[in-house]
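Take a look at the structure below.
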Amino acid sequence: MAYKKEKMQLNGEQRKILDGKEGKILQEAMESLIKYGTAMGAREFIRISSAHTLFTLRSKVARCFLPRGVLLTKEDIDKFSKEIIGTQVRVKTTVNPGAIDREKWQQMGAEEATYNSVMQTVEIGKRCGFMMTYTCIPYLTDNIPLIGQHVAWSESSAYLYINSFLGARSNRDSCEISLYSSLLGIAPNFGLHLDENRRGTDLINVQCELKGPIDWGALGYFTGDRVGIGIPVFKNLRRPTTEEAVQLSASMSSSGAVPMLHIVGVTPEAPTIETAFRGNTPRQTYIFDESAKGEVYQLLNYKPEGKVDIVFLGCPHATLYEIKEIARMLEGKHVANDIRLWVMTSSSIRASAEQLGYAEIIEDSGGELFADGCFLCYYVNAPNKKPKMDRIATNSAKQAFGARRSFNSNVFFGDTERCIQIAIDGGA
Ligand code: F3S
């Protein structure tokens, strides 16, 4: 069915797709992108060089391929694969964490049916050309866009990072939209794809020292909460480490809908404060000082005293360096019997951690190094599978916020060293 209220200009190839000449799936994808672009005021599409999306049997495009909730035989998958021939991604596309660790799904409490369904998704995704990387930090491993490249990424922490620290250009696309973009290789041209929408709107004056990723997470939480929808420009902020930049991006996108940020001298488009604002007058100036930082810690530490059931690290997925540090802190020590220490990363990073011996140290100490999943996403969708987590400890502001909101957990929010100490001491 042709989309009637088309306002966007299409080239010949795009019109052919819209007319269904390249199959129903691409036609539906084109219709959806046109609706989205029209609603957002875009007049045309631009070519993208990569996408990052969610590909699960629950996602809409996957449902185009597969009947919902049905476990398929190999023959079924072969049959569906034939039907989707021609439906290949047109750009490099990575995927966000899937439900579970494909090796340690039982430790996560998953059932065999869930495992089978994930494996089917992997099979279908691979045949369509998706790189089934299952990570929320693809920008550090498998999908690293360059400055000025237009891309279509979902995952709020990831698209914020690539806009701000790599200078790539992506809107905060939903999983479905980024999936359609990956199949068509285009995105509606609006929002952060355009220079004028990348200008700073609010000034954040940092007047305290930031010690490690945890403080950067607190700064991100503060900023997202204050700015809401806008683009903060940070003043008096030193150059972050990669892990600090990851925590800043992730926490900001959980407390607000900030699409990108400027750190003067760090963000490629912000060599000076003037270029960061490019003519805009700041709507507001916010001061982040010791007192503001303390307030964030107080807020994220929700009833932190008492016995911790589980220590969650790796939100966003732990980098190899973080895993190395966790291994260093755990070497020769033991996680207490009645507490879990769970670390999440991607398969590619876990493979390196295994090769380098870090994984063995973590597991010898009683911790678990999981890959490809997301504790928050999985247990939100499978609450009856979640381990006891009345009180958790985490080094991630995003996880602290999410666990309290989604699981009603009491939360200790502190740096990696303190979280590990809690795991060793028995959670008290
Ligand atoms: Fe990644 Fe899940 Fe945290 S997708 S950012 S580990 S909530």
Query raised in the report: When you measure from the side chain of Q399 to the backbone N and O of S396, does any donor-acceptor pair fall under 3.5 Å?
Result: no
Query raised in the report: Taking the side chain from E155 and the backbone from N96, do they hold a donor-acceptor pair closer than 3.5 Å?
Result: no
Report summary line: Taken in chain and number order and not counting sequence neighbours, the residues that satisfy ring-ring contact (aromatic ring centres under 6.0 Å, His included) with F165 are Y161
Query raised in the report: Can we say R278 and E196 salt-bridge, meaning some charged N sits less than 4.0 Å from an Asp/Glu carboxylate O?
Result: no
Requested in this report: Output every pair passing ring-ring contact (aromatic ring centres under 6.0 Å, His included) with a member in residues 94-119, not counting sequence neighbours, ordered by first then second residue.
Outcome: W105-Y115
Report task. Check whether any side-chain N or O of T394 sits under 3.5 Å from a backbone N or O of F312 as a donor-acceptor pair, and report yes or no. Result -> yes
Query raised in the report: Ion pair present between R226 and D202, side-chain N to carboxylate O less than 4.0 angstrom?
Result: no
Query raised in the report: Minimum heavy-atom separation for N171 to Y159, with atom names?
Result: O-CD1, 3.4 Å
Report summary line: In this structure, OG of S181 is separated from CD1 of I46 (nearest 0.5 Å) by 9.0 Å
**Report entry** From OG (S174) to CG (L179), nearest 0.5 Å
**Finding:** 9.0 Å
Query raised in the report: Can you name the closest pair of heavy atoms from I100 and M108 and give their distance?
Result: CA-SD, 3.9 Å
Query raised in the report: Is a donor on one side and an acceptor on the other found under 3.5 Å between the side chain of H262 and the backbone of R198?
Result: yes
Report task. Please answer whether the main-chain N or O of I137 pairs with a side-chain N or O of T135 as donor and acceptor at a distance below 3.5 Å. Result -> yes
Query raised in the report: Pick one: which of I48, V95, V89 meets side-chain contact (heavy atoms from CB on, under 4.5 Å) with S182?
Result: V89
Query - Salt-bridge contact D195-R169 (side-chain N to carboxylate O under 4.0 Å) - result: yes
Query raised in the report: Does T201 use its side chain to pair, donor to acceptor, with the backbone of I231 at less than 3.5 Å?
Result: yes
Requested in this report: Give the C-alpha distance, both sets of side-chain angles, the deciding distance and a yes or no for side-chain hydrogen bond (donor to acceptor under 3.5 Å, both in side chains) between T94 and H52.
Outcome: CA-CA 5 Å; T94 43; H52 179 69; 2.8 Å; yes
**Report entry** Residue K24 excluded, over 12 heavy atoms near NZ under 6.0 Å
**Finding:** no
Query - Pairwise distance CG(D415) to CD1(I214) - rounded to 0.5 angstrom - result: 6.0 Å
Query raised in the report: Do H150 and R47 come within less than 4.5 Å of each other through their side chains, counting heavy atoms only?
Result: no
Query raised in the report: Looking at side-chain heavy atoms only, is the closest gap between L140 and T242 below 4.5 Å?
Result: yes
**Report entry** Worked check of side-chain contact (heavy atoms from CB on, under 4.5 Å) between E22 and Q27
**Finding:** CA-CA 7 Å; E22 298 205 15; Q27 184 186 31; over 6 Å; no
Query raised in the report: Are any of the side-chain nitrogens in D309 or K388 under 4.0 Å away from the carboxylate oxygens of its partner?
Result: yes
Query - Contact check, side chains of P138 and M131, non-hydrogen atoms, under 4.5 Å - result: no
Query raised in the report: Is the side chain of R340 donor-acceptor paired with the backbone N or O of M389 at a distance under 3.5 Å, no angle test?
Result: no
**Report entry** Aromatic Y358 / basic K324 pairing, under 6.0 angstrom, 45° off normal
**Finding:** no
Report task. Would you give the length of the straight line joining atom OH of Y180 to atom OH of Y36, rounded to the nearest 0.5 angstrom? Result -> 12.5 Å
Report task. Kindly give the heavy-atom pair with the smallest separation between E417 and M329, and that separation in Å. Result -> CA-SD, 3.8 Å
Report summary line: Looking only at heavy atoms, the pair that brings P259 and G230 closest together is CD-O, 3.2 Å
Query - Closest non-hydrogen atom pair between S348 and D142, with its separation - result: OG-OD1, 4.2 Å
Query raised in the report: With the threshold set at 4.0 Å, does a side-chain nitrogen-carboxylate oxygen contact exist between K35 and E31?
Result: no
Report task. Please confirm whether the backbone N or O of N11 pairs with a side-chain atom of Q14, one donor and one acceptor, at under 3.5 Å? Result -> yes
Query raised in the report: How many angstroms lie between atom OG of S170 and atom CE of M260, to the nearest 0.5 angstrom?
Result: 11.5 Å
Query raised in the report: Taking 4.0 angstrom as the limit, do E274 and R199 come out as a salt bridge?
Result: no
Query raised in the report: Looking at V233 and A276, what are the two nearest heavy atoms and their distance?
Result: CG1-CB, 3.8 Å
**Report entry** Test log, rule side-chain contact (heavy atoms from CB on, under 4.5 Å), inputs L166 and Y139
**Finding:** CA-CA 9 Å; L166 306 184; Y139 49 82; 4.2 Å; yes
Query - Approximate separation, where rounding is to 0.5 Å, of S154 OG and I177 CD1 - result: 10.0 Å
Query - Q88 (side chain) donor-acceptor with R127 (main chain) under 3.5 angstrom - result: yes
Requested in this report: In plain terms, say whether E244 and R238 are close enough for a salt bridge, that is, a side-chain N and a carboxylate O under 4.0 Å apart.
Outcome: yes
**Report entry** Step-by-step side-chain hydrogen bond (donor to acceptor under 3.5 Å, both in side chains) determination, T272 to T275
**Finding:** CA-CA 5 Å; T272 64; T275 47; 3.0 Å; yes
Query raised in the report: Is the number of heavy atoms from other residues, nucleotides or ligands within 6.0 Å of CD (E363) greater than 12?
Result: yes
Report task. Would you check if the side chain of D372 reaches a backbone N or O of S347 as a donor-acceptor pair within less than 3.5 Å? Result -> yes
Report task. Not counting sequence neighbours, which residues clear ring-ring contact (aromatic ring centres under 6.0 Å, His included) with F45? List them please. Result -> none
Query raised in the report: Does P316 reach the side chain of S157, with side-chain heavy atoms less than 4.5 Å apart?
Result: yes
**Report entry** Under-4.0 Å salt bridge between E325 and R328
**Finding:** yes
Query raised in the report: Going through the checks in order, is the side-chain hydrogen bond (donor to acceptor under 3.5 Å, both in side chains) test met by D215 and Y297?
Result: CA-CA 9 Å; D215 275 359; Y297 275 89; 2.5 Å; yes
Requested in this report: Taking the side chain as every heavy atom from C-beta outward, state whether E243 and Y321 have any atom pair closer than 4.5 Å.
Outcome: yes
Query - Student check: side-chain heavy atoms of L203 and P232 closer than 4.5 Å - result: no
Requested in this report: Go through W153 and S50 one step at a time and tell me if the side-chain hydrogen bond (donor to acceptor under 3.5 Å, both in side chains) criterion holds.
Outcome: CA-CA 8 Å; W153 281 41; S50 80; 3.0 Å; yes
Query - Contact check, side chains of I422 and I339, non-hydrogen atoms, under 4.5 Å - result: yes
Report task. Inspect the surroundings of CD in Q107 and state if more than 12 heavy atoms from other residues, nucleotides or ligands are less than 6.0 Å away. Result -> yes
Query raised in the report: When you check the gap from the basic side-chain N to the acidic O, do R350 and D101 get nearer than 4.0 Å?
Result: yes
